[in-house]
Protein chains: 2
Amino acid sequence: MARQAQKQESGDERIVARLAAAIHEHRLAPGVKLNEDEVGEVYGVSRTVVRAALQKLAHMHLVDLRRNRGAFVAQPTVKEAREVFEARALLEPRTARSAAERMTEADIALLQRHIDDEHKALDAGDTGRALHLSGLFHIEIARIADQDTIAEFITQLVSRSSLIIALYWQRRAALCESHAHDALLRALAAGNGPLAEELMKSHLLDLLTSLDLRARGSVPQSLKEALSE
Amino acid sequence: MARQAQKQESGDERIVARLAAAIHEHRLAPGVKLNEDEVGEVYGVSRTVVRAALQKLAHMHLVDLRRNRGAFVAQPTVKEAREVFEARALLEPRTARSAAERMTEADIALLQRHIDDEHKALDAGDTGRALHLSGLFHIEIARIADQDTIAEFITQLVSRSSLIIALYWQRRAALCESHAHDALLRALAAGNGPLAEELMKSHLLDLLTSLDLRARGSVPQSLKEALSE
DNA sequence: GCCGCATAAATCGTATACAATAATGATCAC
DNA sequence: GTGATCATTATTGTATACGATTTATGCGGC
């Protein structure tokens, strides 16, 4: 019941949302080409609006726009992956501290619901949805801190993290982070800013170290892999 | 000789650069409407490319896109102004520290040249250009730190700062910041990361406090002001 | 049989045309 | 004279059409 019937969304917003969701849930793998005509036909709009949507996604680094070549689902490099988490490490801990000092009962309930849903999704084996909810948890904290500018950056970084995790995540089974979110919420609810900051910092570090950034991402680099479908 | 003849720029990039420059130099005041037809005629392109450019500028928060109403030069609120500088305070000091640890002779020379040009512009009374160069100084530090992701954020924040300064700057005469840049460069050149971090932090704080964020921006809020032209 | 080049197909970049929406001004009632 | 309603105008939103560039394909030479 948060951002429901906006009703006046500008056409391309719908396409952006659909494509972003598809990328987050990995229904669209990194490197996949997004043909303007095809996308337009799928959603029943012309190339004009598709192009606008692709441009917005390119701003978020979710797609890579190559001149006269087209749009492709982004394939974050190892360097980019590190940078995204370094940026998060700079932004999120302090934001969590601010959030702790502003938490309301409604905020606590909302975050608790996020965590519950996340656990449910995990139990149901839907790791894609769990990851999505996990991201929303972080974004919600930025919103609670009432820092729209930083929240926008974090939203983008979380989105990109989703792609990065899709590429470099190794031990998918052990989603240890849900416990991290539990502890974080306790600190936030208690209004313990410094603790929330520290927990967020180590949480992000855990996330980064759980990625295997030495190997190339598990994207079909070679054709043979891609054809084993 | 940095980013000269790219030659293969995608059309709208030119419009983005021109409009951004115009906004930075405040040849376009906050709140001014950017009619698609007019802009297109000025630069000899169709509305299609103008719209793409406006969308990019909107992503940087340099223009405000209102549905079915058009594009307007952004008018950052007081809250937004604070948020921008808070975000910079989170990102730039640590980035300056990283830069200090990576400085090369070429980087030092480049930054020195920026400062020199800034002083020259000040002596010539061209505060607009001085402000622009001052922004480039910050962006260059992020580039030196080899953090593309953070550099992109800082670029956007510096751009927005330019608008904010246009709105809320009070003591234009005393551009004390140039000295701050001198000290910062010395710390960077000496490879003194912690000092650079500290200097950047206080520099940003100085900038923020030099703004008058209690009053509304000096934009024609009332019609009478606007008509006294 | 393999490589390079010319031609053909596909796709993107841009311009133009039409439709939908909001702003403006005029007419009429009161 | 003031207010509201409706017609007109202007501007944005979207679709389509054309040109430019890239990619794929087929041919000839080596």
Side-chain angles (χ1 to χ4, degrees), chain A residues 5-19 28-75 220-224 226-227, chain B residues 5-19 23 28-75 220-223 226-227:
Chain A
Q6 190 136 344
K7 195 56 186 171
Q8 274 304 61
E9 61 180 2
S10 184
D12 56 355
E13 292 288 343
R14 197 181 93 245
I15 317 293
V16 169
R18 297 285 195 94
L19 287 177
L28 282 173
V32 167
K33 170 154 189 177
L34 299 173
N35 184 288
E36 295 180 354
D37 281 319
E38 289 184 45
V39 176
E41 197 168 351
V42 167
Y43 295 114
V45 293
S46 84
R47 280 180 53 216
T48 307
V49 48
V50 173
R51 279 178 72 81
L54 290 176
Q55 200 174 327
K56 288 187 183 178
L57 290 168
H59 285 147
M60 295 196 279
H61 293 272
L62 285 185
V63 313
D64 191 19
L65 244 48
R66 273 176 275 189
R67 180 175 179 76
N68 284 319
R69 309 248 336 244
F72 303 81
V73 178
Q75 290 181 253
Q221 285 309 109
S222 68
L223 262 290
K224 294 108 185 176
L227 295 179
Chain B
Q6 189 134 346
K7 194 58 187 169
Q8 274 303 60
E9 59 181 3
S10 185
D12 56 355
E13 292 289 344
R14 198 182 90 244
I15 318 291
V16 169
R18 296 286 194 94
L19 287 178
I23 292 175
L28 282 173
V32 167
K33 169 153 189 176
L34 299 172
N35 184 289
E36 294 180 356
D37 279 320
E38 290 183 44
V39 175
E41 196 168 351
V42 167
Y43 296 114
V45 293
S46 83
R47 281 180 51 217
T48 306
V49 48
V50 173
R51 281 177 72 82
L54 291 175
Q55 198 176 321
K56 287 187 183 178
L57 291 168
H59 181 254
M60 294 196 278
H61 294 272
L62 285 185
V63 312
D64 191 19
L65 243 47
R66 273 176 276 190
R67 180 176 180 74
N68 284 319
R69 309 253 330 249
F72 304 80
V73 179
Q75 291 181 252
Q221 284 310 110
S222 67
L223 262 289
L227 294 180

Quiz prompt | Expected output: side-chain B:K33 to main-chain B:R69 donor-acceptor under 3.5 Å | solution = yes

Practice problem: Let me know the distance between CG of A:N68 and C1' of D:dT21, rounded to the nearest Å. | Solution: 5 Å

Exercise. Give the nucleotide from the list D:dT23, D:dA15, D:dT12 with an atom nearest to the side chain of B:R51.
Key: D:dT12

Self-check item: Length of the line joining B:E41:CD and C:dA15:C1', which is rounded to integer Å
Solution: 15 Å

Quiz prompt | From C:dA23, C:dA15, D:dT12, nucleotide with atom closest to B:R69 side chain | solution = C:dA23

Practice problem: Return the value, rounded to whole Å, for the distance between atom CD of A:E38 and atom P of C:dT11. | Solution: 7 Å

Exercise. Go through the steps for B:Q75 and B:D64 under the test side-chain contact (heavy atoms from CB on, under 4.5 Å), then give the verdict.
Key: CA-CA 8 Å; B:Q75 291 181 252; B:D64 191 19; over 6 Å; no

Exercise. Strictly below 4.0 Å, heavy-atom distances to any atom of DNA chain C: list the hits from residues 56-65 of chain A, or just say none.
Key: none

Practice problem: Report the nucleotide, chosen from C:dG13, D:dT12, D:dT16, that has the shortest atom-to-atom distance to any side-chain atom of A:T48. | Solution: D:dT16

Quiz item: Under 4.0 Å between a side-chain N/O of B:S46 and OP1 or OP2 of C:dA15, yes or no?
Solution: yes

Self-check item: Nearest to side-chain heavy atoms of A:E36, which nucleotide of C:dG13, D:dT12, C:dT11
Solution: C:dG13

Quiz item: Between D:dG13 atom C1' and B:L54 atom CG, what is the distance in whole Å?
Solution: 14 Å

Quiz item: Is the shortest heavy-atom distance from the side chain of B:L54 to the side chain of B:L19 under 4.5 Å?
Solution: yes

Exercise. Would you check if the side chain of A:Q55 reaches a backbone N or O of B:A52 as a donor-acceptor pair within less than 3.5 Å?
Key: yes

Quiz item: Rounded to whole angstrom units, what separation is found between the CG atom of B:D37 and the C1' atom of C:dA15?
Solution: 12 Å

Quiz prompt | Euclidean distance, atom OH of residue B:Y43 to atom C1' of C:dG13 [Å, nearest integer] | solution = 20 Å

Exercise. Could you state the atom-to-atom distance from CZ of B:F72 to P of D:dT11 in whole Å?
Key: 11 Å

Exercise. Specify the separation, in whole Å, of atom CZ of B:R66 and atom P of D:dT12.
Key: 12 Å

Quiz item: Between the side chain of B:R18 and the main-chain N/O of B:Y43, is any donor-acceptor distance below 3.5 Å?
Solution: no

Quiz item: So, do B:I23 and B:V63 sit near enough that their side-chain heavy atoms are less than 4.5 Å apart?
Solution: yes

Practice problem: Look at the side chain of B:R47 against the base of D:dG13 and say whether a donor-acceptor pair falls under 3.5 Å; ignore hydrogens and angles. | Solution: yes

Practice problem: Take B:L57 and B:L34, measure what side-chain contact (heavy atoms from CB on, under 4.5 Å) needs, and give me the verdict at the end. | Solution: CA-CA 11 Å; B:L57 291 168; B:L34 299 172; 5.5 Å; no

